[in-house]
A.B. asks: 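Questions regarding the structure given below will be posed in turn.
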Amino acid sequence: MEYWIEQQMDLEQKLGILADAAKYDVACTSSGVERKNTGKGLGNCIVPGICHSFSADGRCISLLKILFTNECIFDCKYCINRRSNDIPRASFSPGEVCDLTMEFYRRNYIEGLFLSSGILVSPNVTMELLYQTLYRLRKEYHFQGYIHVKAIPGADAELIERTGYLADRMSVNLELPTAEGLQALAPQKKRSRMLAPIRQVHQARKENKRELALYRHAPRFVPAGQSTQMIIGATGENDWQIMKVAEHMYRKYEMKRVFYSAFLRVNDDRLLPVLPGGPPLLREHRLYQADWLLRYYGFEAEELLTEEKPDFNLLLDPKCDWALRHLDCFPVEVMRADYYTLLRVPGIGYRSAGRIVKARGLGTLDYPTLKKMGVVLKRAIYFITCGGKQMYPVKLQEDYILRNILDGKEKLPAGVGRTQSYEQLSLFDDPRFSV
């Protein structure tokens, strides 16, 4: 089925509007899927994924990251594209998105497509247009590169399923961490409608895995999984509530990534908070660090935060903060501790923990060797012994350790100082921070 799309603007004008409108969606993830070129099309996917580079305003510049349309039937208080805003509006046609993707790919500007959208006419109409776009790319243009597309809440399940067999990754944004927050700032939307496509994609992926186990050449459904995004700071949820939601997404729906987007006040509305210090970017950074602990370090949300201590310490990374509150677990002897115990030591990452476990089977380790393995000794020395010895005498006391870590040595993210000046953080882990 074809839908009429407004054609008064030229393609360059549309691209300027809809690429800029997409910058607020940070759930722009790499592929993580293997698909070789068949020799009959253009592009391919490899497991390591697409390397991303983010411009100053947050846009991903290695994927063509656009909205299909910034028209929207909803009037969410926090969204720049809400119905009541007087902004330039534009919509692509499926053919225009295909032409842009192919021409950008041929010029080596991009390695794939990230396609989101406002809601044009209705969820079903919008999802149908997204499906038409992906169908043309795959079947008519024979594009075999990476595609990430939004599943539209409220759209027919069959449309989402058909689109899922054409995409590498799908995502549905929760937008706000709780149903109460959504009711306050986006009363036209329902949490249950947002969760429905998440459940559908999760269940369909499980069934598809069983099919692939029996029939190796069966079509793959959303092979790179699904992701979601939450706006942080627009409503009053604390960090503990946010991490519990993220943990639920990972455990129940096998979510690949949960993204956190610091609230940016783009609309003047009395229901939106006024943030004199700017967007809560340092809080966003701590949530990403904690998210990493949930996914790779075996932590649970209840260990990092509680109802009594519901927010992260902004001056310390979450792992170091946890360690200071659990000094009874330390010091750890690196020559004997198992892999998962090593992971809980500040300054030891999952790569360095793996190296320690492998290397100590070949001989005795010392502190210079640990440093070469990637252990950040300025953090770890308070929490480890090596061969029964400390690197140099230190006290296993919370105040002593905290004072030494914060004594001009704790590096906060670039542009975030104790004077509370801010600049946009990268979505990637800053190499200066060790979890």
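Excluded from the calculations below are hydrogen atoms, water molecules and symmetry mates; all remaining heavy atoms, backbone and side chain alike, are included.
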A.B. asks: Looking at Y165, is R220 sitting on its ring face, NZ or CZ under 6.0 Å from the six-membered ring centre and within 45 degrees of the normal?
C.D. replies: no

A.B. asks: Is D317 paired with R379 through a side-chain N to carboxylate O contact shorter than 4.0 Å?
C.D. replies: yes

A.B. asks: Here's a test for you: under side-chain contact (heavy atoms from CB on, under 4.5 Å), which of K256, H202, H148 qualifies with Q226?
C.D. replies: H202

A.B. asks: Can K371 and D366 be counted as an ion pair, charged N to O under 4.0 angstrom?
C.D. replies: no

A.B. asks: List the steps, then state whether salt bridge (Lys or Arg N to Asp or Glu O under 4.0 Å) holds for R251 with E300.
C.D. replies: CA-CA 11 Å; R251 289 185 176 180; E300 297 181 358; 3.4 Å; yes

A.B. asks: Tell me every residue that passes side chain to side chain contact (heavy atoms under 4.5 Å, CB included) with A186, counting only those two or more places apart in sequence or in another chain.
C.D. replies: C76, Y78, L182, K189

A.B. asks: Determine whether a donor-acceptor pair (N or O, by modelled atom type, separation under 3.5 Å) exists between the side chain of D311 and the backbone of D239.
C.D. replies: yes

A.B. asks: Would N173 and K150 count as a side chain to side chain donor-acceptor pair (under 3.5 Å) here? Give the steps.
C.D. replies: CA-CA 8 Å; N173 288 349; K150 291 293 178 180; 2.9 Å; yes

A.B. asks: Are any of the side-chain nitrogens in R325 or E398 under 4.0 Å away from the carboxylate oxygens of its partner?
C.D. replies: no

A.B. asks: For F114, run the side-chain contact (heavy atoms from CB on, under 4.5 Å) check against D25, I147, L64, V149 and tell me which one passes.
C.D. replies: D25

A.B. asks: Just how far is it from atom CD1 of I66 to atom NZ of K23, taken to the nearest 0.5 Å?
C.D. replies: 16.0 Å

A.B. asks: Going by salt bridge (charged side-chain N to carboxylate O under 4.0 Å, His left out), name the residues that satisfy it together with E180, two or more places apart in sequence or in a different chain.
C.D. replies: none

A.B. asks: D291: which residues meet the salt bridge (charged side-chain N to carboxylate O under 4.0 Å, His left out) condition with it, sequence neighbours left out?
C.D. replies: R295

A.B. asks: To the nearest 0.5 Å, tell me how far Y382 OH sits from C320 SG.
C.D. replies: 9.5 Å

A.B. asks: Does this structure show an ion pair linking D168 with R138, if we count only N-O contacts that are shorter than 4.0 Å?
C.D. replies: yes

A.B. asks: Can you list everything that forms a side chain to side chain contact (heavy atoms under 4.5 Å, CB included) with Y340? Sequence neighbours excluded, please.
C.D. replies: D338, L343

A.B. asks: Can the ring centres of F68 and F92 be said to be less than 6.0 Å apart?
C.D. replies: no

A.B. asks: With no hydrogens and no angle check, is any side-chain donor or acceptor of R205 less than 3.5 Å from a backbone partner on V222?
C.D. replies: yes

A.B. asks: Taking T228 for its side chain and L174 for its backbone only, find out whether a donor-acceptor pair lies under 3.5 Å.
C.D. replies: yes

A.B. asks: Checking K252 now: which residues fulfil side chain to side chain contact (heavy atoms under 4.5 Å, CB included) with it, not counting sequence neighbours?
C.D. replies: H248

A.B. asks: In chain order, what residues pass the side chain to side chain contact (heavy atoms under 4.5 Å, CB included) check against A157, with sequence neighbours excluded?
C.D. replies: Q200

A.B. asks: Does N313 use its side chain to pair, donor to acceptor, with the backbone of L315 at less than 3.5 Å?
C.D. replies: yes

A.B. asks: Looking at T235 and E237, would you say the former's side chain and the latter's main chain have a donor-acceptor pair under 3.5 Å?
C.D. replies: no

A.B. asks: Relative to each other, are the rings of Y350 and Y296 parallel, tilted or perpendicular (30° and 60° limits)?
C.D. replies: parallel

A.B. asks: R193 side chain to P153 main-chain N or O, any donor-acceptor pair under 3.5 Å?
C.D. replies: no

A.B. asks: Could you point out which residue of Y141, Y146, F143 forms a ring pair (Phe, Tyr, Trp, His ring centres under 6.0 Å) with Y105?
C.D. replies: F143

A.B. asks: Under a 4.0 Å threshold between the charged nitrogen and the carboxylate oxygen, would K309 count as salt-bridged to D321?
C.D. replies: yes

